2 protein chains.
Amino acid sequence: MRFSPLVDELIQNLRCLPGVGPKSAQRMAFSLLESDRKAGIKLADALARAMADVGHCQSCRTFTEEALCPICASAKRGKADTICVVETPADVLAIEAGGHFQGRYFVLQGHLSPLDGIGPEELGLALLEQHLGRDEISELILATNPTVEGDATAHYIADIARRHGVNVSRIAHGVPVGGELEYVDSTTLALSFTGRQPL
Amino acid sequence: MRFSPLVDELIQNLRCLPGVGPKSAQRMAFSLLESDRKAGIKLADALARAMADVGHCQSCRTFTEEALCPICASAKRGKADTICVVETPADVLAIEAGGHFQGRYFVLQGHLSPLDGIGPEELGLALLEQHLGRDEISELILATNPTVEGDATAHYIADIARRHGVNVSRIAHGVPVGGELEYVDSTTLALSFTGRQPL
């Protein structure tokens, strides 16, 4: 015998969250029921509204409930001549946290993965080509992940950019700042040599 | 600049879940938005209903949306003459997983903690006394946690039980099955000696 149906249902449904197993789901359900009902109600409400209303930005494909995301809608950055291509909205946040990039983004929402049925269409590359063809783009910075799939995606997009005569670059791969050479893997170390800069 | 207001609100609200920091909340929000909107809607619905409807069992104080929880409502166990006192509903589940205990439970929903304003009233000890006075109880098993607060709570309840002439016992503390003596802490080892059983 387990809990009452409604409590059981809540625990089961909490397991749809990534990284939440049966024990964590139980702990979350009890924590909300015990001491934080108001927060639970607010969460339910935010969740219901977000699931119903949040779509993709018409310009960069990140998540937003408006037609354009805050960056694409801003007068300063929405028409910037540099586009940074990333895999996920979380990558946008990571780059924004640095504050050094002032252009706009294009969010693929994934990477090329033919076995999973993810091709150029699923990544919205037609929309990216529209930007390259219509807007005045001086540079396309490819910031997909340094994985096999991310690299393949970057090369595919680089070909498109070249067809439109747009400068294309890839973010640098090398030793992370604060890291110690001794503990850096050999592939990264090799890339830090091929990508060396004149001083 | 962060995300759109609705996405931001969802991430903020997910942080009310225990063990969920800013990065996990972001990951959860994106996972639901990206690939699991149906599960998100179901979760929002289960959450809203649970927060509104789930109360406490009138007999044992565990969480339930009915007047009585499934155990207290069952013909076989609802009137059992043994009551096991535990701190949380999760403890009930842990004991039920073993399947060896066939009595009923009483859930304190916490332990005595005067500094936090948790006294006998907050733990529903008046309700427990009603059970001891009215029902025919042959034994009260105290299964509060083996912590300072849990032990204090057990002693306090034991005094009540003795006033009602009810047999009272505490679950055994000792070396866990499958554990190695070498790695067991000294207090537990001492308890395993004082609680030794004739063979």
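If you're wondering where the values come from, they're calculated on a predicted model, not measured in any experiment. Note on naming: letters A, B, ... go to the chains in the order of the sequence lines (proteins, then strands), and numbering restarts at 1 for each one.
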**Prompt:** Would a hydrophobic clustering, with Ile, Leu, Val, Met, Phe, Trp and Tyr connected at side-chain separations under 4.5 Å, put B:Leu140 with B:Phe106?
**Reply:** yes

**Item:** Residue among A:Asp36, A:Thr64, A:Leu33, A:Asp53 with most heavy-atom pairs under 4.5 Å to chain B
**Value:** A:Leu33

**Request:** Mind ranking A:Pro5, A:Cys69, A:Gly19 by heavy-atom pairs under 4.5 Å with chain B and telling me who comes out on top?
**Result:** A:Pro5

**Request:** Walk me through it: do A:Leu17 and B:Leu17 pass the test side chain to side chain contact (heavy atoms under 4.5 Å, CB included)?
**Result:** CA-CA 11 Å; A:Leu17 298 171; B:Leu17 298 171; 3.9 Å; yes

**Asked** So, B:Arg49 and A:Glu9, do they make that salt bridge, N to O below 4.0 Å?
**Response** yes

**Asked** Passes side chain to side chain contact (heavy atoms under 4.5 Å, CB included), A:Leu47 versus B:Leu43? Steps please.
**Response** CA-CA 8 Å; A:Leu47 203 50; B:Leu43 172 58; 3.6 Å; yes

**Prompt:** Which atoms form the tightest heavy-atom contact between B:Glu65 and A:Ser4, and what is the distance?
**Reply:** OE1-CB, 3.0 Å

**Asked** Would you call B:Lys42 and A:Cys16 a side-chain contact if the rule is heavy atoms closer than 4.5 Å?
**Response** no

**Neighbour count >12 (heavy atoms, 6.0 Å) for atom NE2, A:His164** = yes

**Request:** Give, as side chain, backbone, both or neither, the part of B:Ser31 having an atom under 4.5 angstrom from any heavy atom of chain A.
**Result:** side chain

**Inter-residue atom distance A:Asp45.CG - B:Met51.CE, 0.5 Å rounding** = 13.5 Å

**Item:** Side-chain touch B:Met28/A:Val20, heavy atoms, less than 4.5 angstrom
**Value:** yes

**Request:** Give the member of A:Gly55, A:Ala29, A:Ser24, A:Gly40 that has the highest number of heavy-atom pairs under 4.5 Å with chain B.
**Result:** A:Gly40

**Message:** Under 4.5 Å from any heavy atom of chain B, what part of A:Gln109 do you find: side chain, backbone, both or neither?
**Reply:** side chain

**Complete:** Tightest non-hydrogen contact, residues A:Ala50 and B:Leu10, listed as CB-CD2, 3.8 Å

**Request:** Say whether A:Leu112 and A:Ile118 are linked into one hydrophobic cluster, either directly or through other cluster members, by side-chain heavy-atom distances under 4.5 angstrom.
**Result:** yes

**Request:** Please lay out, stage by stage, how B:Val54 and A:Arg37 fare under the test side chain to side chain contact (heavy atoms under 4.5 Å, CB included).
**Result:** CA-CA 10 Å; B:Val54 172; A:Arg37 299 235 174 175; 4.3 Å; yes

**Asked** Does atom CD of B:Glu121 have more than 12 heavy-atom neighbours, drawn from other residues, nucleotides or ligands, at distances under 6.0 Å?
**Response** no

**Prompt:** Same cluster for A:Leu93 and B:Leu6 if Ile/Leu/Val/Met/Phe/Trp/Tyr side chains link at under 4.5 Å?
**Reply:** yes

**Prompt:** Taking A:Gly99, A:Pro89, A:Ala97, A:Ala39 one by one, which has the highest count of heavy-atom pairs under 4.5 Å against chain B?
**Reply:** A:Pro89

**Message:** Quick check: is A:Phe63 connected to B:Ile11 through a chain of hydrophobic side chains (ILVMFWY, heavy atoms under 4.5 Å apart)?
**Reply:** yes

**Message:** Which atoms of B:Val92 are under 4.5 Å from chain A, going by heavy atoms: the side chain, the backbone, both sets, or neither?
**Reply:** neither

**Item:** More than 12 heavy atoms from other groups under 6.0 Å of CZ on A:Phe101
**Value:** yes

**Prompt:** chain B: which of A:Val7, A:Leu32, A:Ile41 shares the most heavy-atom pairs with it under 4.5 Å?
**Reply:** A:Leu32

**Asked** Is A:Ile95 linked to A:Leu142 within one hydrophobic cluster, defined over Ile, Leu, Val, Met, Phe, Trp and Tyr using a side-chain heavy-atom separation of less than 4.5 Å?
**Response** no

